[in-house]
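Some notes on the structure that comes next.
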Amino acid sequence: MEVLISNWSNVESVPNTYIFPPESRPGKLEFPVCNDIPLIDLAHNHPDDTIQQVISACQEYGFFQVINHGVCENLMDDTMNMYKEFFKLPGEYKTEFYSNDINKSCRIYSSTLSYDTEELHYWRDNLTHRCHPLEEYIQSWPDKPTKYREVVGEYSIETRKLLYKILEMICKGLGLESGYFEGEMSKTHLLSVNHHIPCPNPRLTLGMPVHSDPNLITLLQQCDVPGLQILKDGQWIGVHPVPHTLIVIPGLQLKVISNDRFITPVHRVVTHPKEARTTIGVFLGPSPQSLIKPATVLVCSEPVFRAFTYPEFFKAFSAGAKCDAQLALNHFRNKP
Ligand SMILES: O=C(O)CCC(=O)C(=O)O
Ligand SMILES: [Fe+2]
C-alpha cells in the first residue's frame with residue numbers, strides 16, 4: 001500500500017493497520033469543546049498585563065491563543081493554501097522527499113518516524129523542514145507549488161519573530177535576563193505541517209499520537225477543520241480553530257527552565273469524516289550541545305530537574321516503553 005495517505009484515492013474504509021484498539025481509539029465523534037482557552041491580545045495597551053496573562057496561561061493552562069500577533073492574516077492564508085495545494089501535488093513529487101531520517105533538512109513521512117516498525121499507523125502525512133538560517137536551508141525545500149519558497153520563507157521569518165517576542169515576554173515575566181532563550185537554546189527551528197485526508201471512520205483512528213511537545217516552544221496554525229484535543233482533568237477536550245489566531249504551546253524544555261512552574265499540555269489529533277485538515281507548526285528547540293536546566297533565579301533550594309542535553313532527553317524518550325515525553329522528563333527529576 002502507498003505509504004503517504006495524501007496519495008490515496010477513493011478511500012472507502014479504514015485499513016486494518018489504522019484501526020486502534022478500543023482503549024486508545026476516540027470511540028465517538030463528539031467531544032466537549034474548550035471554551036475557556038486564554039486568548040491574549042498581544043497589541044494590548046498595557047504590556048505588563050499582557051506578560052502577566054502569558055505567564056498565568058503557561059502556569060495554569062499550559063497553552064494559549066494569541067491575536068494581534070503581528071503575523072499578517074494574508075500571509076497566514078497564503079501559507080495555509082500553499083500547503084493544501086502541496087498535499088494535492090502528484091504522488092511522485094511528494095515521494096521524492098520521503099524519509100524517516102531526522103537528520104535530513106527537509107522530509108515527508110507518514111504516521112510517525114517509526115512507520116516501518118510500528119504495528120498501527122496514524123492517519124497523517126507530515127512535511128518537516130529546517131528554517132534557520134534561511135539561506136542555508138531554503139534550497140532543500142520543495143519548489144512546488146511555484147511560490148512555495150517565497151511564501152513559506154516569509155512565513156517562517158514572521159512566525160520566528162513572533163516566537164521570540166513571546167519568549168522575551170516569558171523572560172520578563174519570570175524575571176530572567178533578556179535574551180535568555182536566544183542562541184543555542186532555540187537554535188533548531190523547524191516548520192512541521194500535518195495533513196490528514198478525510199477518514200471514513202474517525203471513531204477508530206487517530207491523526208496524531210497522544211503526546212507533549214518535547215521542544216522549547218511551539219506555534220500552531222490550524223485550518224478551519226477541528227481535530228486538536230487537549231487532555232484536561234482526564235478528559236479529551238476539542239480546541240476549535242478560531243480564524244487567524246495562533247496557538248502557543250510551551251514545550252517540555254520550557255517547563256524544565258521554568259523549574260516546573262509551566263505546564264506542557266498532553267494533546268492528540270482526531271480525524272474528520274468529510275474534510276481534509278492541515279495544520280502548520282513552528283517549533284523552536286535547543287541545539288544538541290546546549291545544557292538545559294532550571295533557570296538559577298527560579299530555584300529556591302534544590303532545582304526540580306538536573307541539567308541535561310537534548311540528545312540525553314531523546315535517549316530517555318526513545319528508551320521508554322510508552323514513547324511518553326513527560327515520562328522521559330521524570331528521568332531528570334531530582335526527586336522523581
Ligand atoms: O495538528 C495539530 O492540531 C496539532 C499538531 C501537534 O500537536 C504537533 O505537531 O506537535
Ligand atoms: Fe504537539
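All heavy atoms count here, side chains included; hydrogens, waters and symmetry mates do not.
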Practice task
Taking all heavy atoms of L220 and all of G281, pick out the closest pair and write down the distance.
Solution key: CD1-CA, 4.0 Å

Exercise for the section: Give, for atom CG of D101 and atom OH of Y109, the distance between the pair rounded to the nearest 0.5 Å. Expected result: 12.5 Å

Problem - Flag for Y122-N194: side-chain donor and acceptor within less than 3.5 Å - result: no

Practice task
Enter the distance from I217:CD1 to C58:SG here, rounded to the nearest 0.5 Å.
Solution key: 6.5 Å

Practice task
Answer yes or no: is there a donor N or O on one side and an acceptor on the other, between the side chain of R149 and the main chain of W141, under 3.5 Å?
Solution key: yes

Problem - Donor + acceptor pair across side chains of S192, N126 (<3.5 Å) - result: yes

Exercise for the section: Please confirm whether the backbone N or O of N100 pairs with a side-chain atom of R107, one donor and one acceptor, at under 3.5 Å? Expected result: no

Problem - Side-chain donor/acceptor of T278 to backbone N/O of K84, under 3.5 Å - result: no

Practice task
Keeping the roles fixed (side chain from D125, backbone from S6), state whether a donor-acceptor pair exists under 3.5 Å.
Solution key: yes

Handout entry: Approximate separation, where rounding is to 0.5 Å, of L219 CG and I249 CD1
Key = 9.0 Å

Completion exercise
Sequence neighbours excluded, the answer for side chain to side chain donor-acceptor pair (under 3.5 Å) partners of S290 is none

Problem - Short side-chain to backbone donor-acceptor contact, D213 and N215, under 3.5 Å - result: no

Problem - K293 to F305 six-membered ring, cation-pi geometry met (6.0 Å, 45°) - result: no

Practice task
Locate the shortest heavy-atom distance separating Y61 from C34; write the atom from each residue and the value.
Solution key: OH-SG, 3.5 Å

Practice task
Please check if the side chain of S212 supplies one atom and the backbone of Q326 the other of a donor-acceptor pair under 3.5 Å.
Solution key: no

Handout entry: Connected via hydrophobic side-chain network under 4.5 Å: V210 and L228
Key = no

Fill in the blank from the handout: Separation between NE2 (H244) and CG (N68), nearest 0.5 Å, reads 12.5 Å

Completion exercise
Those residues at least two apart in sequence (or on a different chain) that pass salt bridge (charged side-chain N to carboxylate O under 4.0 Å, His left out) with K161 are E158

Handout entry: Side chain R268, main chain W236, donor-acceptor under 3.5 Å
Key = no

Handout entry: Proximity of W8 and Y18 rings by center, below 6.0 Å
Key = yes

Fill in the blank from the handout: Rounded to the nearest 0.5 angstrom, the NE2-CG distance for H331 and L327 is 12.0 Å

Problem - Within the 6.0 Å centroid threshold, strictly below: H267 and H211 - result: yes

Practice task
Could you walk me through whether Q221 and T279 pass the side chain to side chain donor-acceptor pair (under 3.5 Å) test, one step at a time?
Solution key: CA-CA 6 Å; Q221 179 181 343; T279 57; over 6 Å; no

Practice task
May I ask whether F283 and L254 are part of the same hydrophobic cluster, defined by side-chain heavy atoms of I, L, V, M, F, W, Y residues being less than 4.5 angstrom apart, directly or through others?
Solution key: no

Practice task
For D78 and Y155, test the side chains for any donor-to-acceptor distance below 3.5 angstrom and give the result as yes or no.
Solution key: no

Handout entry: Test item: S114 side-chain N/O and T117 main-chain N/O as donor-acceptor pair under 3.5 Å
Key = no

Considering only distance and modelled atom types, tabulate donor-acceptor pairs under 3.5 Å from the side chains of residues 48-56, sequence neighbours left out.
unit_1: T50; atom_1: OG1; unit_2: H46; atom_2: O; d: 3.2
unit_1: S56; atom_1: OG; unit_2: Q52; atom_2: O; d: 2.9

Exercise for the section: May I ask you to decide if K232's main-chain N or O and Q235's side chain share a donor-acceptor pair within less than 3.5 Å? Expected result: no

Fill in the blank from the handout: Closest heavy-atom pair, S258 versus L174, reported as atoms and distance to 0.1 Å, is CB-CD1, 4.3 Å

Practice task
Tell me, please, which residues at least two apart from K88 pass salt bridge (charged side-chain N to carboxylate O under 4.0 Å, His left out).
Solution key: E85

Problem - Evaluation steps, side chain to side chain donor-acceptor pair (under 3.5 Å), between E118 and T112 - result: CA-CA 8 Å; E118 67 195 10; T112 74; 2.5 Å; yes

Problem - F308-F332 aromatic ring centre distance below 6.0 Å - result: yes

Handout entry: Check: F87 ring centroid to Y83 ring centroid under 6.0 Å
Key = no

Practice task
For residues P286 and T188, report the shortest heavy-atom separation together with the two atoms involved.
Solution key: O-OG1, 3.2 Å

Exercise for the section: Measure the acute angle between the ring planes of F86 and Y148, then classify it against the limits of 30° and 60° as parallel, tilted or perpendicular. Expected result: tilted

Practice task
For residues P214 and Q253, report the shortest heavy-atom separation together with the two atoms involved.
Solution key: O-NE2, 2.7 Å

Problem - Residue that, paired with H189, satisfies side-chain hydrogen bond (donor to acceptor under 3.5 Å, both in side chains) out of R130, H129, R160 - result: R160

Handout entry: Path from L190 to Y164 over hydrophobic side-chain contacts below 4.5 Å
Key = no

Problem - Separation of F97 CZ from S140 OG (nearest 0.5 Å) - result: 8.5 Å

Exercise for the section: Would you please indicate yes or no on a ring centroid separation below 6.0 angstrom for Y137 and H132? Expected result: no

Exercise for the section: State which residues pass ring pair (Phe, Tyr, Trp, His ring centres under 6.0 Å) with H69; sequence neighbours excluded, sorted by chain then number. Expected result: none

Problem - Co-membership, hydrophobic cluster, residues L191 and V269, 4.5 Å side-chain - result: no

Which side-chain N or O atoms in residues 20-28 pair as donor and acceptor under 3.5 Å with protein atoms at least two apart or in another chain?
unit_1: R25; atom_1: NE; unit_2: F20; atom_2: O; d: 2.8
unit_1: R25; atom_1: NH2; unit_2: F20; atom_2: O; d: 3.0

Practice task
Looking only at non-hydrogen atoms, find the nearest pair between W123 and I197 and report the distance.
Solution key: NE1-O, 2.8 Å

Practice task
Could you state whether F64 and V71 fall into the same hydrophobic cluster, counting links through intermediate Ile, Leu, Val, Met, Phe, Trp or Tyr residues with side-chain heavy atoms under 4.5 angstrom apart?
Solution key: yes

Problem - Worked check of side-chain contact (heavy atoms from CB on, under 4.5 Å) between D41 and V66 - result: CA-CA 6 Å; D41 179 352; V66 287; over 6 Å; no

Problem - N-O pairing of D260 and K255 below 4.0 Å - result: yes

